[in-house]
Amino acid sequence: MSKPTPISGFPEWTPPQRMIEQYVLDRIRATFELYGFAPLETRAVEPLDQLLRKGETSKEVYLIRRLQAEADSPTGDDALGLHFDLTVPFARYVLENAGKLQFPFRRYQIQKVWRGERPQEGRYREFLQADIDIVDRDTLAPHHEAEMPLVVGDALRSLPIPPVRIQVNNRKICEGFYRGVGLTDPEAALRAVDKLDKIGPARVAELLAETAGASEAQAKAVLALAEISAPDASFADAVRALGVTDPLLDEGIEELVRVVETAAEHAPGLCVADLRIARGLDYYTGTVYETQMVGYERFGSICSGGRYDNLASAGTARFPGVGISIGVTRLLGLLFGAGALTVSRDVPTCVLVAVTSEEQRGASNRVAEALRSRGVPTEVSPSAAKFGKQIRYAERRGIPYVWFPGAEQDEVKDIRSGEQVPAEAGVWMPPEVDLKPLVG
RNA sequence: GUGGCUGUAGCUCAGUUGGCAGAGCACCGGGUUGUGGUCCCGGUUGUCGUGGGUUCAAUUCCCAUCAGUCACCCCA
């Protein structure tokens, strides 16, 4: 067998990177639970028609089929696809299990998702999302839209990563405004506005004319709206100053004011109303979120979501929801690439117990057992080589302590300082900071 | 899915106008009859991404493919 090669877009981390990932996941999970979100995992596959129900992502969905399936049925209505986000499976789950759930239902879900995109830095075909959603029956109170950024803000701020800024907008503002100025294709207008950062106002104006049929005056108004940005409710005055009126617009402004003011009270500096944020997914109907790391804006959004009123509905039952999702793999991939996220050692081991000779390995094993029984991650040296080599084994992996069993007295050495002291395996404890690898 | 750039040791890279493949770091051994990191001495490291083609000869030229990256698309 020839040497295996990586598969494009399916990243695999090193053990130290995986330790960081697990640490990050633990923190995110702890924060989600702190806010009372219940855990959920859904299957990896959904019926293809479910996946394609909303949005034009068909090209991205990975189909799944048996090797020996009948040749004529792999793409029928019953075909299965890997989910490409966690919101669509969740909406399906809610419909399927509505009878067993208490509403409003708050859940978190941390799972892999798959998208058949062309990969590049921070963009993968298989990646982890950490998602929270709240759904309710019939109507969903707008204050939930204000809670989302607070939760992920807490989660992200608990991590050793650069500070984040969550940009918030409301689809109703855009759609109401566009309608107010007489534009008929709000989707096309949104898509054009979404490129503002990348291609600049002049090109966006051209795009608006080409794809959304905007006149010069309409394009100018749309751009004026998109350029509004404020960390507080003052954005509302700026919007009204543009002189466009529409009931939907007013509704959107009211909702966004609430989100921004709530955030300003509980997490100053976290959120900013940014009326250019559009979000590609067309199932969003209200508040939308995007998140950037300060100083890493060029990496794009590492956490986004929004409110969806029509994703989960069957017959007369309607379950409006709001959710936001942290792109864990992107976050990590980008920071790994920038060398901005490291761990203090390559293994969980805190203590390496040296082996004096193979005949004495039992004594070392007993020391390790005593340490482990008190929660100290410990391994025994793989060989009874010279102590210098055993110390080096520990050093190479970043293991901070080496334990030397003695005939009468054991000793433990902190190999960073070189300090070596008598110790007893039944009582000795490392300082708290050394117990586990430090992520930073 | 479309187009551009890149691909030499574990890492960062040099190099061959087509003729036995290099440096630094890392790694291994010794200096040190059991205590590492500095220092000194010695050593290993590669199907030159993979598969074809042209050629007496290809790591070098050509084609394809895979991977990485960038733009489009889309988006975490």
Side-chain angles (χ1 to χ4, degrees), chain A residues 1-12 14 28 55-62 83-87 109-131 152 156 164 190-191 194-195 198-199 203 207 277-282 284 288-293 296 298-306 323-335 337 339 352 354-357 360 381 383-406 411-420:
Chain A
M1 189 172 142
S2 58
K3 189 179 178 182
T5 54
I7 298 175
S8 187
F10 290 77
E12 294 181 310
T14 61
I28 290 174
E56 285 299 317
T57 45
S58 56
K59 286 177 294 186
E60 292 185 357
V61 172
Y62 278 106
H83 58 230
F84 59 86
D85 70 6
L86 300 177
T87 308
Q109 198 170 338
I110 302 175
Q111 284 181 247
K112 289 270 178 69
V113 305
W114 297 269
R115 291 182 194 174
E117 292 186 287
R118 182 76 135 240
Q120 39 186 280
E121 187 171 37
R123 309 189 54 176
Y124 307 101
R125 290 172 157 170
E126 176 180 71
F127 58 97
L128 260 177
Q129 285 194 327
D131 188 286
V152 296
L156 293 171
V164 297
L190 276 175
R191 246 188 285 278
D194 201 35
K195 300 190 199 321
K198 259 186 184 160
I199 63 178
R203 290 276 294 111
L207 259 183
I277 300 304
R279 304 271 64 237
L281 291 179
D282 54 11
Y284 293 126
V288 290
Y289 317 94
E290 275 199 8
T291 309
Q292 297 184 327
M293 283 187 283
Y296 292 82
R298 67 174 190 88
F299 286 165
S301 178
I302 52 131
C303 173
S304 60
I324 190 164
S325 192
I326 301 173
V328 178
T329 307
R330 164 174 290 183
L331 180 72
L332 294 173
L334 295 171
L335 291 175
L352 176 77
V355 175
T356 311
S357 69
Q360 298 296 312
S381 177
S383 78
K386 287 196 213 171
F387 283 165
K389 289 214 179 156
Q390 298 193 44
I391 291 171
R392 196 151 65 161
Y393 174 96
E395 190 204 1
R396 292 283 142 80
R397 292 161 178 74
I399 299 170
Y401 296 97
V402 175
W403 190 284
F404 298 99
E411 296 195 341
V412 65
K413 179 189 189 83
D414 180 336
I415 65 174
R416 296 159 301 187
S417 66
E419 188 190 0
Q420 186 166 330

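Chain identifiers are assigned alphabetically (A, B, ...) following the order of the sequence lines, protein sequences preceding nucleic acid strands; residue numbering begins at 1 within each chain. The structure presented is a predicted model; accordingly, all values stated were derived computationally and were not measured. Hydrogens, waters and symmetry mates play no part in the numbers below; they use all other heavy atoms, side chains included.
For A:Lys112, the side-chain contact (heavy atoms from CB on, under 4.5 Å) test picks out A:Trp114, A:Glu126, A:Leu128, with sequence neighbours left out. Every residue two or more places apart in sequence or in another chain that forms a side chain to side chain donor-acceptor pair (under 3.5 Å) with A:Ser357 is listed here: A:Glu359. In this view, A:Phe404 and A:Phe387 satisfy the ring pair (Phe, Tyr, Trp, His ring centres under 6.0 Å) rule, not counting sequence neighbours. Every residue meeting the side chain to side chain donor-acceptor pair (under 3.5 Å) condition with A:Arg123, not counting sequence neighbours, appears here in chain and number order: A:Glu117. Residues satisfying the side chain to side chain donor-acceptor pair (under 3.5 Å) criterion with A:Ser417, sequence neighbours excluded, are absent altogether. For A:Tyr401, the side chain to side chain donor-acceptor pair (under 3.5 Å) partners two or more places apart in sequence, or in a different chain, are A:Arg416, A:Asp434. Qualifying salt bridge (Lys or Arg N to Asp or Glu O under 4.0 Å) partners for A:Lys386, counting only residues two or more places apart in sequence or in other chains: none. Qualifying side-chain contact (heavy atoms from CB on, under 4.5 Å) partners for A:Ser304, counting only residues two or more places apart in sequence or in other chains: A:Arg279, A:Glu290, A:Ser301.
When heavy atoms are screened at a 4.0 angstrom cut-off, A:Ala354 is found touching no nucleic acid atom at all. If you check every strand for non-hydrogen atoms under 4.0 Å, A:Thr356 touches a base. Among the protein residues, A:Lys195 comes within range of the sugar-phosphate backbone only, with heavy atoms under 4.0 Å from sugar or phosphate atoms but none that close to a base. No engagement by A:Gly300 is indicated, since no non-hydrogen atom pair under 4.0 Å with the nucleic acid exists.
Using a distance-only test at 3.5 Å, with no hydrogens or angles considered, a donor-acceptor pair links the side chain of A:Thr291 to the main chain of A:Cys303.
Crowding of A:Ile199 atom CD1: a count of heavy atoms from other residues, nucleotides or ligands under 6.0 Å exceeding 12.
The shortest heavy-atom contact between A:Gln390 and A:Leu352 is O-CD2, 3.3 Å. The two residues A:Gly306 and A:Tyr284 come nearest to each other via the heavy atoms N-CE2, 3.3 Å.
Spacing of P atoms, B:G15 relative to B:G22, comes out at 15 Å, to the nearest Å. Taking atom P in both B:G34 and B:C28, the straight-line distance is 22 Å, to the nearest Å. Here the separation of B:G7 from B:U50, taken at their C1' atoms, is 11 Å to the nearest Å. With C1' as the reference atom, B:G46 and B:A14 are 15 Å apart, rounded to whole Å. Taking the P atoms as reference points, B:G43 lies 50 Å from B:G1, given to the whole Å. Comparing B:C56 with B:G49, their P atoms are spaced 25 Å from each other, to the whole Å. Comparing B:U47 with B:U8, their C1' atoms are spaced 13 Å from each other, to the whole Å.
Of the listed nucleotides (B:A76, B:G68, B:C66), B:C66 has the atom at the smallest distance from the side chain of A:Thr5. Distance from the side chain of A:Lys386 is smallest to B:G34 among B:G34, B:A71, B:A76. When each of B:G36, B:A71, B:C75 is scored by its nearest atom to the side-chain atoms of A:Arg118, the top-ranked nucleotide is B:A71. Of the candidate nucleotides B:A76, B:A67, B:C73, B:A67 has the atom nearest to the side chain of A:Pro6. When distances are taken from the side chain of A:Glu121 to each of B:U35, B:C74, B:U69, the shortest belongs to B:U69.
Regarding contacts with the backbone of B:A76, a side-chain N or O of A:Ser304 is found under 4.0 angstrom from either OP1 or OP2. Taking only side-chain nitrogens and oxygens, A:Lys198 comes nearer than 4.0 Å to OP1 or OP2 of B:C72. The shortest distance between the side-chain N/O atoms of A:Gln120 and the OP1/OP2 oxygens of B:A71 is below 4.0 Å. A close approach under 4.0 Å does occur between a side-chain nitrogen or oxygen of A:Ser8 and OP1 or OP2 of B:G68.
Of the two residues near RNA chain B, A:Pro119 and A:Leu331, the one whose nearest nucleotide lies more 5' is A:Pro119. Between A:Phe127 and A:Gly9, it is A:Gly9 whose nearest contact on RNA chain B lies nearer the 5' terminus.
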Look for any protein N or O under 3.5 Å of an N or O in nucleotides 5-10 of chain B and output each such pair with its distance, or none.
none

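A stacking contact between A:Phe387 and B:G36 is absent: the pair does not combine a ring-centre distance of less than 5.5 Å to the base's six-membered ring with planes differing by less than 30°.
Listed by residue number, the members of residues 392-402 of chain A with any heavy atom below 4.0 angstrom from RNA chain B are A:Arg392, A:Glu395, A:Arg396. Contacts with RNA chain B (heavy atom under 4.0 Å) in residues 413-420 of chain A: A:Lys413, A:Ile415, A:Arg416, A:Gly418, A:Gln420, listed by number.
The NZ atom of A:Lys195 lies 11.0 Å from the CG atom of A:Leu190; values are rounded to the nearest 0.5 Å.
Not a single donor-acceptor pair, N or O on each side, falls under 3.5 Å between the base of B:A76 and the side chain of A:Glu290. At a cut-off of 3.5 angstrom, the base of B:C74 holds at least one donor-acceptor pair with the side chain of A:Arg123.
Checked options A:Thr87, A:Asp131, A:Leu86, A:Thr329; the residue passing with A:Val113 is A:Leu86 (criterion: side chain to side chain contact (heavy atoms under 4.5 Å, CB included)).
In this structure, A:Gln420 and A:Val402 have side chains that are not in contact, with every pair of non-hydrogen atoms separated by 4.5 Å or more.
Every stem involving RNA chain B, taken as at least 3 paired positions in a row under the Watson-Crick or G-U wobble test at 3.5 Å, is listed here: B:1-7 with B:66-72, B:10-13 with B:22-25, B:27-31 with B:39-43, B:49-53 with B:61-65.
Cation-pi contact between A:Arg125 and A:Phe127: absent, since separation from the ring centre below 6.0 Å together with deviation from the ring axis within 45° is not met.
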